[in-house]
Amino acid sequence: SGKKMIFRGVKKILPASIRSFGSTEMIKTPLYDWHVSHGGKIVEFAGYALPIDFKGEGIIKEHLHTRNSASLFDVTHMGNIKIFGEERYNFIERLTVGDIKELPQGNTNLSLIMNATGGIVDDTMITNMGDHISMIVNGACKHKDWKHFNNILEGEFSGKDVKLEYHDDYALIAIQGPKAAQALQEVMDDVDLKELGFLTARMHNIKKIGGECMVSRCGYTGEDGFELKIPVDVAPKFADLITSIKDKEGNQLVKPAGLGARDTLRLESGLCLYGNDLWEEISPVEGLLVWTMGKRRKKEWGFLGWERVKSDKENGVKRKRCGFVTEGKAARPGADLYDEKGEKIVGKVTSGTHSPLLKQGIGMAYLDVPLNKAKTTVMMKVMNKFKPVVVKKMPFVPTRYYKKE
């Protein structure tokens with residue numbers, strides 16, 4: 001059937017970091033048994049056993065449920081690094097591009113961890129927790145990030161008051177979608193979630209599950225949503241509770257969703273996946289991420305590799321990240337892109353999928369400047385035939401982050 005074809009198409013072009021179930025070394029998250037009992041089809045991602053999708057639902061349905069209602073995603077594979085000590089702000093501002101000294105307590109900043117050559121080591125969410133700085137880093141990068149942090153600590157911050165802690169003693173659960181707040185409000189009935197602004201976080205004891213949780217208003221889908229750091233022992237109880245909530249008509253507000261929908265949702269929203277769209281050689285200017293740099297940081301500089309970033313900003317770069325749309329088959333990561341005549345390679349696809357909402361192929365690529373401008377047509381080879389790919393401004397689907405009244 002036609003539906004099956006689309007489903008297979010989506011599945012085939014998932015990030016290379018997702019592998020089929022079979023490795024014996026996989027780490028099970030606190031929700032592993034919960035996923036299996038709910039029909040989760042388990043694959044390996046960043047060393048963890050996680051669901052790609054759920055039986056009876058599938059990537060397309062899970063994607064659309066997130067856009068129309070809300071979904072639960074297990075993101076426990078992400079890493080959490082905490083930074084303590086008097087010198088913590090100087091330390092974090094040496095490693096990242098954000099203005100963290102000015103970040104109010106309880107606020108979160110999307111930032112980039114840099115290397116000495118001005119490339120991106122990882123993207124990260126940094127929250128000022130008052131007595132410490134909390135960072136969420138990508139699952140596939142967390143061991144590399146930890147090593148990088150310790151190298152800087154033992155090198156230029158040797159003998160200074162900075163202490164690093166690595167935490168993996170929790171479950172990290174994302175509730176994403178326009179009805180995420182409505183559902184979570186029923187679980188956290190002693191707090192008004194309208195007061196929790198986008199990119200802010202707070203500690204809260206969720207009495208209904210009996211656990212102290214960190215609740216952040218953020219996510220990776222382009223929708224309103226939350227990420228909750230939940231004690232391991234009460235995580236399945238939380239998942240049971242949040243997925244049991246129904247609206248007045250008896251519809252389930254929050255359903256579980258897997259890695260497949262997580263990838264199609266983030267791509268529709270124009271959000272990067274590290275390892276696909278960003279890597280160690282890419283600078284924030286090439287990656288179209290200069291907006292993550294604080295105003296003061298662009299004046300004072302001082303983070304690792306700033307010299308290259310300043311030069312890229314002032315002198316321009318040869319290639320830039322951009323979005324594109326295509327008809328028919330979705331583009332595959334790694335595919336070459338050619339000029340309009342099909343003679344010269346001018347770029348490479350880094351992410352590609354079929355958009356369940358737009359019903360067309362969407363993706364990200366790095367293209368030679370100025371071919372990265374919106375509405376430019378370039379060519380992609382499919383079965384030895386050239387087909388057009390049109391550069392399009394991202395996000396492909398408008399984002400709907402929460403705005404506090």
Would the distance check show the side chain of Asp161 and the main-chain N or O of Glu86 forming a donor-acceptor pair, the cut-off being under 3.5 Å?
yes
Approximate separation, where rounding is to 0.5 Å, of His204 NE2 and Met214 CE
14.5 Å
Ion pair Arg297/Glu102, N-O distance below 4.0 Å
no
Determine whether Phe91 and Phe149 satisfy the following criterion, side-chain contact (heavy atoms from CB on, under 4.5 Å), listing intermediate values before the conclusion.
CA-CA 9 Å; Phe91 178 78; Phe149 277 44; 4.0 Å; yes
For the residue pair Pro356 and Thr264, what are the closest heavy atoms and their distance?
CD-CB, 4.3 Å
How long is the gap from CG on Leu110 to CD1 on Ile136, to the nearest 0.5 Å?
12.5 Å
Measuring only between side-chain heavy atoms, which start at C-beta, is Tyr166 closer than 4.5 Å to Lys142?
yes
Check this for me: Lys101, atom NZ, are more than 12 non-hydrogen atoms of other residues, nucleotides or ligands nearer than 6.0 Å?
yes
Is Glu62 reaching over with its side chain to a backbone N or O of Phe54, donor-acceptor style, under 3.5 angstrom?
yes
Does the side chain of Pro256 come within less than 4.5 Å of Trp34's, by heavy atoms?
yes
Pair Thr124-Asp122, side-chain hydrogen bond (donor to acceptor under 3.5 Å, both in side chains): steps then yes or no:
CA-CA 6 Å; Thr124 177; Asp122 200 0; over 6 Å; no
May I ask you to decide if the ring planes of His77 and Phe45 are parallel, tilted or perpendicular, using 30° and 60° as cut-offs?
perpendicular
How about NZ on Lys194, more than 12 heavy atoms from neighbouring residues, nucleotides or ligands closer than 6.0 Å, or not?
no
Short side-chain to backbone donor-acceptor contact, Glu186 and Asp189, under 3.5 Å
no
Do you know the tightest heavy-atom contact between Phe386 and Gly342?
CZ-O, 3.4 Å
Check whether any side-chain heavy atom of Ser216 sits under 4.5 Å from a side-chain heavy atom of Met125, and report yes or no.
no
Drop me the distance from Leu288's CG to Asp277's CG, to the nearest 0.5 angstrom.
11.5 Å
Side-chain heavy atoms of Ile282 within contact of Tyr274, under 4.5 Å:
no
Ignoring hydrogens and angles, tell me if any N or O in the side chain of Ser69 forms a donor-acceptor pair with the backbone of His65 under 3.5 Å.
no
Main chain of Leu265, side chain of Arg67: is a donor-acceptor contact present, judged purely on distance under 3.5 Å?
yes
Side chains of Phe324 and Val378 in contact at under 4.5 Å (non-hydrogen atoms)
no
Val309 vs Phe303 side-chain heavy atoms within contact, under 4.5 Å:
yes
Determine whether Leu289 and Val97 satisfy the following criterion, side-chain contact (heavy atoms from CB on, under 4.5 Å), listing intermediate values before the conclusion.
CA-CA 10 Å; Leu289 293 168; Val97 301; over 6 Å; no
Enter the distance from Leu50:CG to Phe73:CZ here, rounded to the nearest 0.5 Å.
12.5 Å
Give me the atom names and distance for the closest heavy-atom approach of Ala180 to Ala70.
N-CB, 3.7 Å
Is there a donor-acceptor contact under 3.5 Å from the side chain of Glu93 to the main chain of Ile100?
yes
State whether the side chain of Asn107 and the backbone N or O of Leu103 hold a donor-acceptor pair below 3.5 Å, judged by distance alone.
no
With no hydrogens and no angle check, is any side-chain donor or acceptor of Ser134 less than 3.5 Å from a backbone partner on Thr127?
no
Are Glu280 and Lys144 close enough for a salt bridge, meaning some N to O gap below 4.0 Å?
yes
Under 6.0 Å from the six-membered ring centre of Tyr170 and within 45° of its axis: does the NZ or CZ of Lys229 meet both?
yes
Would Lys160 and Asn90 satisfy side-chain contact (heavy atoms from CB on, under 4.5 Å), going step by step from the backbone distance to the final call?
CA-CA 10 Å; Lys160 294 193 172 161; Asn90 290 330; over 6 Å; no
I need the Asn138 CG to Asp123 CG distance, nearest 0.5 Å.
5.0 Å
Minimum heavy-atom distance between Glu281 and Arg308, given as atom pair plus value:
O-NH2, 2.9 Å
Name the residue from Gln176, Gln182, Arg217, Lys403 that meets the side-chain hydrogen bond (donor to acceptor under 3.5 Å, both in side chains) definition with Asp224.
Arg217
Given side chains that start at C-beta, do those of Ile152 and Leu95 come closer than 4.5 Å, heavy atoms only?
yes
Whether Asp339 and Lys344 form a salt bridge (side-chain N of Lys/Arg under 4.0 Å from carboxylate O of Asp/Glu) is what I want to check.
no
Test log, rule side-chain contact (heavy atoms from CB on, under 4.5 Å), inputs Thr353 and Glu268:
CA-CA 9 Å; Thr353 194; Glu268 279 187 351; over 6 Å; no
Rounded to the nearest 0.5 Å, what separates atom CZ in Arg202 from atom CD in Glu195?
9.0 Å
Gly47 backbone acceptor or donor facing Glu25 side chain under 3.5 Å
no
If every non-hydrogen atom of Lys298 is compared with every non-hydrogen atom of Met293, which pair is closest and at what distance?
CE-O, 3.4 Å
Looking only at heavy atoms, which two atoms of Thr96 and Ser111 are closest? And how far apart?
CB-OG, 3.5 Å
Ion pair check, Lys61 and Asp53, cut-off under 4.0 Å
no
Backbone of Ser311 reached by a side-chain donor or acceptor of Asn315 within 3.5 Å
yes
More than 12 heavy atoms of other residues, nucleotides or ligands under 6.0 Å from CD of Glu314: is that the case?
yes
With side chains defined as the heavy atoms from C-beta onward, is the minimum distance between Lys404 and Thr200 less than 4.5 Å?
no
